[in-house]
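Some notes on the structure that comes next.
Note on naming: letters A, B, ... go to the chains in the order of the sequence lines (proteins, then strands), and numbering restarts at 1 for each one. All values derive from a computational prediction rather than experimental measurement. The figures here come from the full heavy-atom set of this structure, side chains too, leaving out hydrogens, waters and symmetry mates.
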Amino acid sequence: QVQLVQSGSELKKPGASVKVSCKASGYSFTTYTLNWVRQAPGQGFEWLGWINTNTGNPTYAQGFTGRFVFSLDTSVSTAYLQITNLKPEDTAVYFCARDSSGGNWFDPWGQGTLVSVSS
Amino acid sequence: IQLTQSPSSLSASVGDRVTITCRASQGISSYLAWYQQKPGKAPKVLIYAASTLQSGVPSRFSGSGSGTDFTLTISSLQPEDFATYYCQQLNTLPLTFGPGTKVDI
């Protein structure tokens with residue numbers, strides 16, 4: 001079945017970097033755009049942006065440029081989110097989510113990766 | 001585009017009819033999806049294009065609206081429906097989500 005499986009939880013200190021992976025299976029990886037979304041504890045969702053899995057071209061939402069980098073390894077059907085210079089306010093669950101075939105909803109979502117930033 | 005949801009939370013009983021509204025700060029045509037999220041889980045899409053029921057989602061869920069005003073209705077609340085519901089607009093970048101409506105007992 002179509003699914004996205006993310007890497008495990010991370011605990012980092014401020015200023016460190018983290019790389020979250022999102023491995024796709026059950027479909028042609030390069031056919032659908034992949035989105036990154038975060039959810040701070042007890043909060044709603046923020047869309048970080050997306051990456052065109054065919055061209056590798058990323059689009060970042062305002063506020064998520066510079067420290068946030070999307071990348072791909074199409075040979076293993078995996079997308080990555082790297083965050084550098086982590087701040088405590090980056091503490092959140094990070095989700096990858098695939099565009100639908102119609103582009104009008106996200107499905108499926110990865111299970112989420114908790115990134116905790118604390119000294 | 002900002003999305004507001006009302007109410008922010010509600011208490012209901014099994015069998016109740018529940019309606020959640022989502023309002024967009026500007027018109028988004030029908031580019032709206034509804035998701036259900038349970039604690040510790042990823043969201044699950046219920047409705048897309050404002051009123052289209054996702055395959056496999058029970059028919060007690062329905063959506064309506066276009067432009068700026070949308071509703072999600074659960075016709076007869078079931079125990080498994082106690083969760084938080086979010087709307088999402090996919091008309092304009094950046095994609096945005098509503099703040100959520102928590103439905104509990």
Side-chain angles (χ1 to χ4, degrees), chain A residues 1-9 20 22-24 32-52 57-65 68 70 81 92-114 116, chain B residues 1-9 20 22-24 28-57 61 63 65-66 70 72 83-102 104:
Chain A
Q1 75 278 26
V2 175
Q3 64 176 350
L4 301 172
V5 178
Q6 298 183 222
S7 48
S9 298
V20 176
C22 170
K23 182 172 177 59
Y32 299 91
T33 295
L34 210 66
N35 299 269
W36 288 98
V37 178
R38 77 178 182 183
Q39 185 175 36
Q43 302 299 310
F45 296 101
E46 283 186 287
W47 179 72
L48 278 61
W50 65 36
I51 186 164
N52 182 317
N57 183 44
T59 298
Y60 299 98
Q62 192 171 11
F64 296 102
T65 55
F68 296 78
F70 308 150
L81 164 65
V93 176
Y94 289 80
F95 295 96
C96 58
R98 195 194 77 170
D99 259 12
S100 65
S101 56
N104 289 327
W105 68 97
F106 291 175
D107 184 56
W109 294 57
Q111 83 275 20
T113 297
L114 174 62
S116 299
Chain B
I1 293 177
Q2 293 187 346
L3 299 178
T4 57
Q5 287 183 235
S6 60
S8 56
S9 65
I20 299 168
C22 176
R23 176 163 288 175
I28 58 171
S29 185
S30 296
Y31 292 99
L32 187 102
W34 288 98
Y35 298 88
Q36 176 193 70
Q37 187 184 35
K38 296 183 178 179
K41 300 293 188 182
K44 167 189 167 183
V45 64
L46 302 172
I47 301 285
Y48 62 90
S51 61
T52 302
L53 190 69
Q54 170 72 330
S55 175
V57 174
F61 291 93
S66 67
F70 303 86
L72 171 71
T84 302
Y85 294 83
Y86 295 90
C87 55
Q88 179 200 23
Q89 68 83 17
L90 300 101
N91 183 71
T92 303
L93 296 185
L95 305 184
T96 50
F97 294 82
T101 295
K102 185 176 181 180
D104 57 22

Go through the atoms of [X] and report whether side chain, backbone, both or neither lie under 4.5 Å from a heavy atom of chain B.
X	value
A:Val37	side chain
A:Asp107	side chain
A:Gln43	backbone

How about [atom1] on [X], more than 12 heavy atoms from neighbouring residues, nucleotides or ligands closer than 6.0 Å, or not?
X	atom1	answer
B:Tyr31	OH	no
B:Lys38	NZ	yes
B:Gln2	CD	no

Going by the angle between their ring planes, with limits at 30° and 60°, are B:Tyr35 and A:Phe106 parallel, tilted or perpendicular?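 Ring orientation of B:Tyr35 relative to A:Phe106: tilted.
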In terms of heavy-atom proximity below 4.5 Å to chain A, should B:Gln89 be classed as side chain, backbone, both, or neither? neither
Kindly give the heavy-atom pair with the smallest separation between [X] and [Y], and that separation in Å.
X	Y	result
B:Tyr86	A:Gly44	CE2-CA, 4.1 Å
B:Leu90	A:Asn104	CD1-O, 3.4 Å
A:Ala61	B:Pro94	CB-CB, 4.3 Å

Pick whichever of B:Ala42, B:Ala49, B:Gly98 has the most heavy-atom pairs under 4.5 Å with chain A. B:Ala42
B:Leu95 and A:Asn35: CA distance, side-chain angles, deciding distance, side chain to side chain contact (heavy atoms under 4.5 Å, CB included) verdict: CA-CA 10 Å; B:Leu95 305 184; A:Asn35 299 269; 4.2 Å; yes
List the residues meeting ring-ring contact (aromatic ring centres under 6.0 Å, His included) with A:Trp50, not counting sequence neighbours, and say none if there are none. A:Trp47
Who passes ring-ring contact (aromatic ring centres under 6.0 Å, His included) against B:Tyr48, sequence neighbours left out? A:Trp105
CZ/A:Phe45 to CD/B:Gln37 distance, rounded to the nearest 0.5 angstrom?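 Rounded to the nearest 0.5 Å, the CZ-CD separation comes to 3.5 Å.
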